[in-house]
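Note on naming: letters A, B, ... go to the chains in the order of the sequence lines (proteins, then strands), and numbering restarts at 1 for each one.
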Protein chains: 2
Amino acid sequence: MDGETSTETRILGAADALFYEHGVQSVGMDRIRDAAGVSLKKIYQCFPSKGALVEAYLRRRDQWARTALEERVARHTDPEERVLAVFDWLHDWVDGPDFHGCAFINAFGELGADSAGVAHAVRDHKAAVRGYLRDLAHETGAADPDRLGSQLAVLLDGAMSNASITDSPAPARDARQAARTLLREAVAPGARD
Amino acid sequence: MDGETSTETRILGAADALFYEHGVQSVGMDRIRDAAGVSLKKIYQCFPSKGALVEAYLRRRDQWARTALEERVARHTDPEERVLAVFDWLHDWVDGPDFHGCAFINAFGELGADSAGVAHAVRDHKAAVRGYLRDLAHETGAADPDRLGSQLAVLLDGAMSNASITDSPAPARDARQAARTLLREAVAPGARD
DNA sequence: GACGTGCGAGAACGAGCGTTCTCGCCGACG
DNA sequence: CGTCGGCGAGAACGCTCGTTCTCGCACGTC
């Protein structure tokens, strides 16, 4: 038996790294085979096509991102700190060496117009994150948690894009500060600092 | 004489529409030839390679977006209204039928890691927009116009991505409202509404 | 009218892709 | 020990792509 990590996990891990760094269409199956160290036949018996592998890649990213986010938020109990923890998590992530923007925005721009499966996976992920942010906003007692949740989602996506393009974590810091301002204004309009 | 529009403009127009809607790598030169109604030979004597056409596409988009943005802002004289006009322009744009997110974020996700030319064009565009937003922020008398400009850039990019993925102009409205809150807080901290 | 010349349509070429097939090997089982 | 079945390496196949070439046609000049 294959001791440590299952074959499927190895394939997905290699595909994830390559798709995320170079984009989906720039990466061929041969490159995934080389990176995963498995045969092409094994890839095709785990995933019937490249499209299926791409959708599995997106599902895996979705699970990873939301789990990591929730774990970071769970370190805090104060509602405002829980919202800000989202941007602290973002800051740590974008500052690492293997950050290349939002995999979902990238995949959507590349394939969303022509692949219903990709478009669906991206919309599901973004809706789930927005729902989570709305819940965090609700905890704070904000006047309009729906709107605040959407605004936090906008900040999150914009900060990811900007951090990737400028290759700097500064947008995450700016987004965090913006989130704090929006949050305080939504909870106690016009309050003193 | 070629009557109306020059050949180069026709090619660029067709390439722009196709690249922007479907992504760069999904669109072949044949499709651009069909859409532009010119011969493949003419395309290659205007642009020496597909890469050159892609960079011309990005330069054209940069010019179009910044010009349209500045014209919309120029309708107003009040500094706060000038900042908000950015998001009004965004709202009108994303609400139209031919909006497909930010062409620069999409191109960067698709090609930025492997094409220095694309990465450079994208960084230049984003830096120019951020600089423009910083200038608008400066006009308002904000305490830290650099930071406010960056925050507006984050809102702009995030709203574009979210509007594209959710296929709705709501993120533009949310971003506009967030911009107003950030702006007022940056100009007069803790002021009453 | 003869001739060169630039042009468009489409074939051609070489490379790369996703996917499948071939073949030689090795371990399981009677 | 003989046979069979699954496996990996890599070739093969059909397709698409970026780029170049061919060929036939229309047109300006003597």
Side-chain angles (χ1 to χ4, degrees), chain A residues 1-58 106-107 109-111 113-118 121, chain B residues 1-58 106-107 109-111 113-118 121:
Chain A
M1 28 213 94
D2 45 8
E4 28 221 271
T5 56
S6 83
T7 303
E8 197 178 306
T9 304
R10 284 251 304 276
I11 297 169
L12 258 182
D16 181 291
L18 289 168
F19 286 159
Y20 181 50
E21 175 165 4
H22 300 282
V24 171
Q25 306 202 84
S26 298
V27 173
M29 298 298 267
D30 305 17
R31 237 163 125 192
I32 295 172
R33 171 199 47 165
D34 293 346
V38 307
S39 73
L40 222 37
K41 189 146 73 176
K42 200 132 212 107
I43 295 182
Y44 276 96
Q45 83 190 32
C46 284
F47 303 94
S49 70
K50 187 181 181 180
L53 185 52
V54 171
E55 296 187 23
Y57 151 68
L58 292 176
N106 293 347
E110 209 180 332
L111 306 164
D114 299 300
S115 160
V118 167
Chain B
M1 47 213 90
D2 45 8
E4 359 165 340
T5 56
S6 84
T7 303
E8 198 177 306
T9 305
R10 285 251 305 276
I11 296 168
L12 258 181
D16 181 291
L18 288 168
F19 285 159
Y20 180 50
E21 176 165 3
H22 299 282
V24 171
Q25 306 202 82
S26 298
V27 173
M29 298 298 267
D30 305 17
R31 236 163 126 191
I32 295 172
R33 171 198 48 162
D34 293 346
V38 306
S39 75
L40 220 37
K41 189 147 70 174
K42 202 135 208 99
I43 295 182
Y44 275 96
Q45 83 191 32
C46 285
F47 303 94
S49 70
K50 186 182 182 183
L53 185 53
V54 170
E55 296 187 23
Y57 150 67
L58 291 176
N106 294 346
E110 209 180 333
L111 305 165
D114 299 301
S115 160
V118 167

Practice problem: Would you mind reporting whether Ser39(B) and Arg33(B) have side-chain heavy atoms less than 4.5 Å apart? | Solution: no
[X] has an atom [atom1]; how far is it from atom [atom2] of [N], in whole Å?
X	N	atom1	atom2	result
Leu18(A)	dG18(C)	CG	C1'	16 Å
Asp30(A)	dA15(C)	CG	C1'	13 Å
Lys50(B)	dA15(C)	NZ	C1'	14 Å
Gln45(A)	dC7(D)	CD	P	6 Å
Asp34(B)	dG18(D)	CG	C1'	15 Å

Quiz prompt | Atom pair CZ (Phe47(A)) and CD (Glu55(A)), whose distance is rounded to the nearest 0.5 Å | solution = 11.5 Å
Self-check item: Distance, nearest 0.5 Å, that separates CD of Glu21(B) from CG of Asp114(A)
Solution: 7.5 Å
Practice problem: Measure from the side chain of Tyr44(A), starting at C-beta and using heavy atoms only, and say which of dT19(C), dG18(D), dG8(C) lies closest. | Solution: dT19(C)
Self-check item: Nucleotide nearest Lys42(A) (side chain, heavy atoms from C-beta), chosen from dT19(D), dC7(D), dC7(C)
Solution: dC7(D)
Quiz item: Pick the nucleotide of DNA chain D nearest each of Gln25(B) and Leu40(A); which residue has the one closer to the 5' end?
Solution: Leu40(A)
Quiz prompt | DNA chain C: 5'-proximal contact among Arg31(A) and Arg33(B) (nearest heavy atom) | solution = Arg33(B)
Quiz item: Quick one: which of Val38(A), Leu53(A), Asp16(A), Leu12(A) gives a side chain to side chain contact (heavy atoms under 4.5 Å, CB included) with Ile32(A)?
Solution: Leu53(A)
Quiz item: Is Lys41(A) side chain donor-acceptor paired with the dG8(D) base, going by distance under 3.5 Å alone?
Solution: yes
